[in-house]
Amino acid sequence: MVQGIIISGSMDMGRFGQAFDWSQFSVVICGRYHAALPFHTVRTNIFKSVKLAFTELRARGYRRIGFAMGAHGQAMEDDEARQGTAIAMENSYLNKRDRLPVYLGAFKDASALIGWVEKNKPDAVIGFAVGQYWLLRNHGIRIPEDLGFASMHLPGKEVREYCSGLNQNTEEIARQSVLLLDQLIRNRERGMPQDPLDVLVSSAWNEGTTLRPRF
């Protein structure tokens, strides 16, 4: 007697997704994964997340802000959103001499990341994930003494105690997914919608110890 489905992981629409009879169910996607699926989706507001991190670093006096956005092996719309916002922030708010090329290498490629830092000499880095913080630390870079660092993804309480960056508010994303699914069930909206919605949830800033204090 299931009436609603929340999808919380990647799914191959070319195989299982096309064969399954979605017309019997109300469906919501909680978060975003490798492929955009044709259902209502509740996810992080990537533009506002990148801008929030950038604004926090600017408030601390950082001028040469490097975006270590990286890229997935398989092209993702989320990559485009992060990279595009990074370029927009640089062009809108930084002097030309302080604009750095966005790092687009693999997330775990230590040599590529270190090479990018050494070549461009940023004052601070906005990284995709905390793993990049450890790649820099293990190379001997002192954070925040030599280089400030903020992560776009802070996965848990222990990480948030030391790393500055963004709490992507996954609890609220989950709550909004349930609320949206409840509305769909009550209104008997089933199957693939003609115009899928994106409900965007803002991230929150987490004050760690990997950046110098605000002025």
Side-chain angles (χ1 to χ4, degrees), residues 31-32 42-72 76-96 98-109 112-114 116-117 120-137 141-173 198-215:
R32 278 291 296 276
V42 183
R43 62 189 180 101
T44 300
N45 188 326
I46 296 175
F47 174 84
K48 289 185 67 175
S49 296
V50 176
K51 185 171 183 177
L52 173 59
F54 177 80
T55 302
E56 288 288 341
L57 267 63
R58 290 278 288 170
R60 289 160 172 76
Y62 291 111
R63 294 170 54 193
R64 292 176 60 82
I65 298 172
F67 290 91
M69 298 288 97
H72 292 84
M76 293 182 63
E77 184 181 341
D78 290 5
D79 292 336
E80 298 170 1
R82 285 192 306 274
Q83 296 162 17
T85 306
I87 294 170
M89 294 300 102
E90 289 187 338
N91 290 339
S92 297
Y93 300 105
L94 298 183
N95 293 324
K96 191 172 182 178
D98 294 329
R99 298 173 193 167
L100 308 179
V102 178
Y103 173 76
L104 302 178
F107 300 121
K108 297 181 180 180
D109 189 337
L113 178 64
I114 298 302
W116 174 78
V117 168
N120 295 288
K121 296 179 173 52
D123 299 331
V125 168
I126 298 175
F128 177 80
V130 179
Q132 292 169 315
Y133 162 82
W134 290 108
L135 292 179
L136 297 170
R137 279 282 304 272
I141 297 174
R142 299 177 304 165
I143 298 175
E145 294 84 358
D146 300 330
L147 180 72
F149 183 86
S151 175
M152 292 284 297
H153 299 83
L154 297 175
K157 183 178 179 180
E158 292 183 1
V159 172
R160 293 170 194 161
E161 289 179 353
Y162 69 84
C163 193
S164 303
L166 298 177
N167 172 5
Q168 294 217 334
N169 216 350
T170 53
E171 295 86 356
E172 183 62 18
I173 290 174
D198 271 338
V199 179
L200 303 180
V201 177
S202 297
S203 298
W205 179 254
N206 179 76
E207 189 65 39
T209 61
T210 57
L211 295 171
R212 62 193 181 203
R214 273 174 169 261
F215 290 158

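Because the structure is a prediction, the values reported are computed rather than measured. Computed over heavy atoms, backbone and side chain alike; hydrogens, waters and symmetry mates excluded.
Between the CD1 atom of Ile173 and the CG atom of Leu200 there is a distance of 9.5 Å, given to the nearest 0.5 Å. The CG atom of Leu136 sits 14.0 Å away from atom CZ of Arg142, with the distance rounded to the nearest 0.5 Å. Going from atom CG of Leu94 over to atom CD1 of Ile65 covers 5.5 Å, rounded to the nearest 0.5 Å. A distance of 10.5 Å separates CD in Gln168 from CG in Asn45, rounded to the nearest 0.5 Å. If you take CG on Leu104 and CZ on Phe67, they are separated by 12.5 Å, rounding to the nearest 0.5 Å. Rounding to the nearest 0.5 Å places NE2 of His153 at 11.0 Å from OG1 of Thr170.
Judged purely by atom type and a 3.5 angstrom limit, Thr210 has no side-chain atom pairing as donor or acceptor with the backbone of Cys163. Using a distance-only test at 3.5 Å, with no hydrogens or angles considered, no donor-acceptor pair links the side chain of Arg43 to the main chain of Asp198. The backbone N or O of Tyr162 lies less than 3.5 Å from a partner atom in the side chain of Thr209, making a donor-acceptor pair. No side-chain donor-acceptor contact under 3.5 Å links Arg82 to the backbone of Met152. No donor-acceptor pair under 3.5 Å is formed between the side chain of Asn120 and the backbone N or O of Leu100.
Inter-residue side-chain proximity for Ile46 and Asp78 is flagged as met; some heavy-atom pair is nearer than 4.5 Å. Looking at Trp205 and Leu166, their side chains come closer than 4.5 Å, going by heavy atoms from C-beta outward. Looking at Leu211 and Tyr62, their side chains come closer than 4.5 Å, going by heavy atoms from C-beta outward. At a threshold of 4.5 Å between non-hydrogen side-chain atoms, the residues Ser202 and Asn169 do not count as touching. For the pair Gln132/Val125, no side-chain contact is recorded, criterion being any heavy-atom separation below 4.5 Å from C-beta on. Two residues are said to be in side-chain contact when any heavy atoms from C-beta on lie closer than 4.5 Å; Asp109 and Trp116 fail this criterion. Side-chain contact check for Val117 versus Pro122: some heavy-atom pair is nearer than 4.5 Å.
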Evaluate the criterion side chain to side chain contact (heavy atoms under 4.5 Å, CB included) for residue pair Met89 and Phe47; output intermediate values, then yes/no. CA-CA 10 Å; Met89 294 300 102; Phe47 174 84; 4.3 Å; yes

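When all heavy atoms of Ala150 and Leu57 are compared, the closest pair comes out as CB-CD1, 4.0 Å. Taking both residues in full, the closest heavy atoms of Leu154 and Asn167 are given as CD1-N, 4.5 Å, listed atom of the first, atom of the second, then distance. Closest approach of Val102 and Met69 over heavy atoms only: CG1-CG, 3.8 Å. Listed here is the closest heavy atom pair of Arg214 and Ala59: NH1-CB, 3.5 Å.
Ion pairing between a basic and an acidic side chain is recognised when a charged N comes within 4.0 Å of a carboxylate O; Asp123 and Arg63 show no such pairing. For the pair Glu56 and Arg60, the salt-bridge criterion is met [side-chain N within less than 4.0 Å of a carboxylate O].
Summarising the local packing, CD of Glu158 is surrounded by 12 or fewer heavy atoms from other residues, nucleotides or ligands at distances under 6.0 Å.
Ring geometry for Phe128 against Phe107 counts as parallel: the plane angle stays under 30°, on a 0 to 90° scale with 60° as the upper cut.
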